[in-house]
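Notes for the one structure printed next.
So you know, we letter chains A, B, ... as the sequences are listed, proteins then strands, and number each from 1. As the structure is a computational prediction, the values presented were derived from the model and not from experiment.
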Amino acid sequence: MQMATITPEILKKLKSTYVDPLPTLVDKVDGRIHTSFMQTVTATGRLSSNNPNLQNIPIRSEKGKEIRKAFVARGEDYSLMSVDYSQIELRIIAALSNDPNMVEAFQKGHDIHTATAAKVFHLTPEEVSKDQRSAAKAVNFGIIYGQSAFGLAQNLNISRKEAKEIIDNYFAQYGTIKEYMDGTVAKARENGYVETIMKRRRYLPDINSTNAIVRGYAERNAINAPIQGSAADIIKLAMVAVRKEMQKQQLQSKMILQVHDELIFDVHKEEVDQMKTLVKSAMENAVQLTVPMEVEMELAKNWLEAH
DNA sequence: TCAATCACG
DNA sequence: ACGTACGTGATTGAA
């Protein structure tokens, strides 16, 4: 196992950004930290959070986990419940492209990274090694961002030739995704914008630039924005549905945070079963696509263990 | 005031 | 031949 190396720079960042300021921001009246959610800041339709930003509370490093542990439910009778969409952006790509292989993997409930590795490396899912799954995961993520063979090579620390072979294999298996991506860029060139499933637009004035670097940037935006933006559409619809149902059932639990593909609730112990059912249903049924939306949920006393 | 670095999805 | 993975916010330190 590779140990997480905590450098002095990281400690300094954690202290100056979280450990020192957050305790001073606890509201004197209610004992809680309040963020602001901005609805008109991002290019894709995501929310952003500031003063303080509660969408970038640490979780990856060991010391960071200690910080996240400090976020707890409001009292004895309450727990934090975290509910996050599983692979929402890949499901959206699958649905928007209607790629038969990727749609099938999600419809059958397969582990998408293992399924991808099996296809790319011509193996059965059982034969896929950890490194192969990890490589497939990197490609799946890279696809969402319009990553090149060069970028994948750097990311995986392999040669450009090896990276190109993996990507070529990927598109041989998921050919309709390639068509979808090319089609999205072509449409962006004609229209000057791309749009999400709820028709929100992102304008791309540089999509026809004669400067290849500038144009390349806009092309990656064209690919990414409908995916990231549609995920934002879906969780926003879910939030409205959740709130409506919570009101209808007159619950005292509260929806307290949104972190892009995750909702966090402060749940009263007598409402746990109701909340689990209601939130799962609202999130999974926020939209109807050709692939199922699935959520994972956990309940705990603090945010680290609820995640 | 802004770029670099780091935190998150 | 070019550069090369999307979206944010906070802090720091140089200009």
Practice item. Summarise protein proximity over nucleotides 9-15 of chain C in one line of letters, 5' to 3': B for base, S for sugar-phosphate only, - for none, counting protein heavy atoms closer than 4.0 Å. Key: BBSSS--
Between [N] atom [atom2] and [X] atom [atom1], what is the distance in whole Å?
X	N	atom1	atom2	value
Q154(A)	dT4(C)	CD	C1'	8 Å
E62(A)	dA7(B)	CD	P	13 Å
N224(A)	dG9(B)	CG	C1'	12 Å
N140(A)	dC6(C)	CG	P	17 Å
I93(A)	dC6(C)	CD1	C1'	11 Å
Y145(A)	dA5(C)	OH	C1'	7 Å
M181(A)	dC6(C)	CE	C1'	12 Å
R215(A)	dT4(C)	CZ	P	14 Å

At 4.0 Å (heavy atoms only), tell me whether [X] reaches a base, stays on the sugar-phosphate, or touches nothing.
X	answer
N211(A)	nothing
S148(A)	base
G151(A)	sugar-phosphate
I223(A)	nothing
L152(A)	nothing
I57(A)	sugar-phosphate
A43(A)	sugar-phosphate

Check your understanding: So does Q55(A) reach the base of dC8(B) with its side chain, donor to acceptor, closer than 3.5 Å?
Key ->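 Under the 3.5 Å cut-off, the side chain and the base do not form any donor-acceptor pair.
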Check your understanding: More 5' along DNA chain C: I213(A) or Y217(A), using each one's nearest nucleotide?
Key ->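 On the 5' side of the pair lies I213(A).
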Check your understanding: How far does the C1' atom of dC6(B) sit from the matching atom of dG3(C), given to the nearest Å?
Key -> 24 Å
Exercise for review: Using the P atom as the reference point in each nucleotide, state the distance between dT4(C) and dT5(B) in Å, no decimals.
Suggested key: 15 Å
**Study point:** Complementary nucleotide for dC2(C) - Watson-Crick or wobble, under 3.5 Å
**Key:**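 Matched dC2(C) with nothing under the 3.5 Å cut-off.
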Check your understanding: In the strands shown, is dT12(C) matched to any nucleotide by a Watson-Crick or G-U wobble pair with both distances under 3.5 Å, and which?
Key ->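 The answer is dA3(B), by the H-bond criterion.
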Please tell me which of the listed nucleotides, [options], lies nearest to the side chain of [X]?
X	options	result
L14(A)	dA5(C), dG7(C), dA7(B)	dA7(B)
F150(A)	dG9(B), dT8(C), dT4(C)	dT4(C)
R60(A)	dG7(C), dG9(B), dA5(C)	dG9(B)

Assess whether a salt bridge exists between [X] and [Y], defined as any Lys/Arg side-chain N lying under 4.0 Å from an Asp/Glu carboxylate O.
X	Y	result
R189(A)	E219(A)	yes
K161(A)	E165(A)	yes
R32(A)	D27(A)	no

Point to revise | Phosphate OP1/OP2 of dG7(C): any R46(A) side-chain N/O under 4.0 Å | key: no
Practice item. Run the numbers on K301(A) and E305(A) for salt bridge (charged side-chain N to carboxylate O under 4.0 Å, His left out), then give the verdict. Key: CA-CA 7 Å; K301(A) 282 295 165 194; E305(A) 278 145 32; over 6 Å; no
Review point. When you measure from the centre of the six-membered ring of F71(A), is the NZ or CZ of R68(A) under 6.0 Å away and within 45° of the axis?
Key: no
**Study point:** Shortest non-hydrogen contact from A163(A) toward A149(A)
**Key:**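 Residues A163(A) and A149(A), closest heavy atoms: CB-O, 3.3 Å.
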Practice item. Search all heavy atoms of E284(A) against all heavy atoms of V295(A) and return the closest pair with its distance. Key: OE2-N, 2.9 Å
[Y] and [X] side chains, donor-acceptor separation under 3.5 Å:
X	Y	value
N140(A)	Y170(A)	yes
Y217(A)	S209(A)	no
S86(A)	E294(A)	no

Exercise for review: Let me see the working for K69(A) and E66(A) under salt bridge (charged side-chain N to carboxylate O under 4.0 Å, His left out), right down to the final yes or no.
Suggested key: CA-CA 5 Å; K69(A) 258 191 207 167; E66(A) 294 301 311; 3.3 Å; yes
Exercise for review: Please list, by residue number, the residues of residues 280-294 of chain A whose heavy atoms come closer than 4.0 Å to an atom of DNA chain B; answer none if no residue qualifies.
Suggested key: none
